[in-house]
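The block underneath contains the structure these notes are about, expressed in structure tokens.
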Amino acid sequence: MKFLYLTFFVCFFCFFVPTYGQDFNTIESAEFDPVNHRFLISNSNGVLVVDDQGEPISEMPGDATAQFGMEVVGNVLFAIVGDDVRAYDLTSGAELSSVTISGAQFLNGMASDGDHRIWVTDFSAKDIFEIDFTDLVNPSYVQIVSNTVTTPNGICYDEVNNRLVFVNWGASASIKSVDLTDYTVSTVVANTGVGSIDGIDNDNYGNYFIASWNPNRITRYNADFSVSEIITVPGGLSSPADIAYAEEIDTLIIPNSGNNTVRFVGFQTSDIKISNENPFAFSCYPNPVQENSVLSFNLTTPGITTISILDSQGRLIQKLWQENLPAVAHKFVVGDVELSPGNYIWHIESNGVVFSSAFIKQ
């Protein structure tokens, strides 16, 4: 495997100690809340709310508690608390539902499909569970992997390949995957060269970030895990835990469980090319958008292509498609896109090139 050692420019990072009376105490995981544009950090005393400048605002109100993995889906925060996976209203913090995983020994990592499915790892029992929150009040769950052999920790969802990718603890830790068609477990990277991997998450462009304790490091892999890069984080790391990549702002959130600090690394100025032209010959007709409106674009190079809808402020509303597409002309019928009337932005990404185009929904 080829290793590249790079230092990235950092758009912003922070090291802070709250001054409003609530200190960090055994922080573990982080999430970005795009609804309220804020960061959420799990804390043994609750969930801390942090703004995008790294300044503590308050504790999340209501009953919200998170000891380990968290996921934000729409206006709901899912969190691991002991043997429970709980759902909280993202604004009020009120508990909406809870499911207890029978026989769980140490629920740790969490991932979601951005809709109704949540996955959690059991660090000690070496199991993986899938929880269905289609009925938010009465969720159900099933064990999809009964023995990972290794010690599963952080986990993330790979929509393009319909799989879960999870990292493992121990010396010379591995990265594995779960095929969501038949739930078979495969090894993605047998020996990462680092030990005790805690967290993993993927970005908008098919890359993966892992957080290890031995050494303290953030490593970025490309989509097929053939190339890795060490991400240098100003201020250093101390047992980086359950990291999260905020796709809406291209920022990696790193909770340091060793010294209860948080770092932010922004990738707005990385290797992503923003084009002022229209490299995809992208169009949408008719506009204002109707059910029969057609998106047309042309790819000159095959690759994973994502089409999303942003609001007028550039915040992600929904991801429509993400597929590995051939280098040909493509057409998609918009269909019944559920949007309130207003101004929006089509956002297309492929092979590191990004293009946006405004549209109206009446």
Side-chain angles (χ1 to χ4, degrees), residues 1-14 29-32 39 69 109 111 152-161 163-169 172-177 187-257 262-274 303-304 306 322 324 349-354:
M1 179 177 293
K2 179 181 179 183
F3 285 85
L4 303 178
Y5 297 85
L6 304 180
T7 301
F8 283 81
F9 289 106
V10 178
C11 296
F12 61 88
F13 78 98
C14 68
S29 60
E31 272 293 297
F32 180 63
F39 297 105
N153 209 334
I155 189 168
C156 67
Y157 174 57
D158 175 4
E159 181 180 7
V160 173
N161 296 297
R163 66 178 181 173
L164 303 171
V165 182
F166 65 94
V167 293
N168 296 280
W169 202 248
S172 301
S174 63
I175 303 174
K176 293 192 173 187
S177 67
T187 298
V188 178
V189 181
N191 186 345
T192 58
V194 298
S196 302
I197 309 176
D198 196 322
I200 183 172
D201 207 357
N202 42 9
D203 65 13
N204 301 316
Y205 317 103
N207 304 305
Y208 293 85
F209 296 82
I210 66 169
S212 61
W213 289 23
N214 185 23
N216 287 301
R217 178 181 294 173
I218 299 295
T219 306
R220 182 170 74 167
Y221 284 89
N222 64 347
D224 64 3
F225 290 89
S226 62
V227 178
S228 68
E229 307 165 334
I230 295 174
I231 305 300
T232 300
V233 181
L237 299 168
S238 179
S239 301
D242 193 3
I243 57 177
Y245 193 94
E247 294 186 351
E248 297 82 359
I249 55 175
D250 277 322
T251 298
L252 183 68
I253 318 162
I254 309 167
N256 286 303
S257 60
V262 176
R263 310 292 187 199
F264 295 111
V265 179
F267 290 86
Q268 294 92 332
T269 57
S270 66
D271 52 352
I272 302 158
K273 295 175 286 186
I274 308 297
I304 295 174
T306 304
Q322 186 177 57
N324 196 347
E349 305 169 9
S350 187
N351 294 298
V353 179
V354 178

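Heads up: numbering here begins at 1 and tracks the sequence.
Here the straight-line distance linking atom OG of Ser212 with atom CD1 of Ile200 works out to 12.0 Å at 0.5 Å rounding.
Between Val165 and Ile175 there is a side-chain heavy-atom pair separated by less than 4.5 Å. You'll find the side chain of Ile254 reaches within 4.5 Å of the side chain of Leu237, heavy atoms only. Contact annotation: the side chain of Phe264 never approaches that of Leu252 to less than 4.5 Å [non-hydrogen atoms, C-beta and beyond].
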**Q.** side-chain contact (heavy atoms from CB on, under 4.5 Å) between Ile253 and Val262, intermediate numbers included
**A.** CA-CA 7 Å; Ile253 318 162; Val262 176; 4.2 Å; yes
(Q) Test side-chain contact (heavy atoms from CB on, under 4.5 Å) on Ile197 and Trp169; report intermediate values, then the result. (A) CA-CA 5 Å; Ile197 309 176; Trp169 202 248; 5.8 Å; no
(Q) side-chain contact (heavy atoms from CB on, under 4.5 Å), that's the test. Do Ile231 and Thr219 meet it? Break it down for me. (A) CA-CA 6 Å; Ile231 305 300; Thr219 306; over 6 Å; no
Q: Kindly determine whether Asp198 and Trp213 satisfy side-chain contact (heavy atoms from CB on, under 4.5 Å), including the steps that lead there.
A: CA-CA 7 Å; Asp198 196 322; Trp213 289 23; 3.5 Å; yes
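Classification of the Phe209-Tyr245 ring pair by plane angle, with boundaries at 30° and 60°, yields parallel.
In this structure Asn324 satisfies the side-chain hydrogen bond (donor to acceptor under 3.5 Å, both in side chains) test with no other residue, sequence neighbours excluded. For Thr187, the side chain to side chain contact (heavy atoms under 4.5 Å, CB included) partners two or more places apart in sequence, or in a different chain, are Lys176, Ala190. For Asp203, the side-chain hydrogen bond (donor to acceptor under 3.5 Å, both in side chains) test picks out Asn207, with sequence neighbours left out. With sequence neighbours excluded, the residues that form a side-chain hydrogen bond (donor to acceptor under 3.5 Å, both in side chains) with Ser174 are Asn168. In terms of the side-chain hydrogen bond (donor to acceptor under 3.5 Å, both in side chains) criterion, Asn216 has no residue partners (sequence neighbours excluded). With sequence neighbours excluded, the residues that form a side chain to side chain contact (heavy atoms under 4.5 Å, CB included) with Asn202 are Cys156, Tyr208.
The salt bridge (charged side-chain N to carboxylate O under 4.0 Å, His left out) analysis of residues 234-247, with sequence neighbours excluded, yields the pairs Glu247-Lys319.
Side chain to side chain, Asp250 and Tyr205 meet the donor-acceptor criterion of an N or O pair below 3.5 Å.
Between the Asn256 side chain and the Ser238 main chain, a donor and an acceptor come within less than 3.5 Å of each other.
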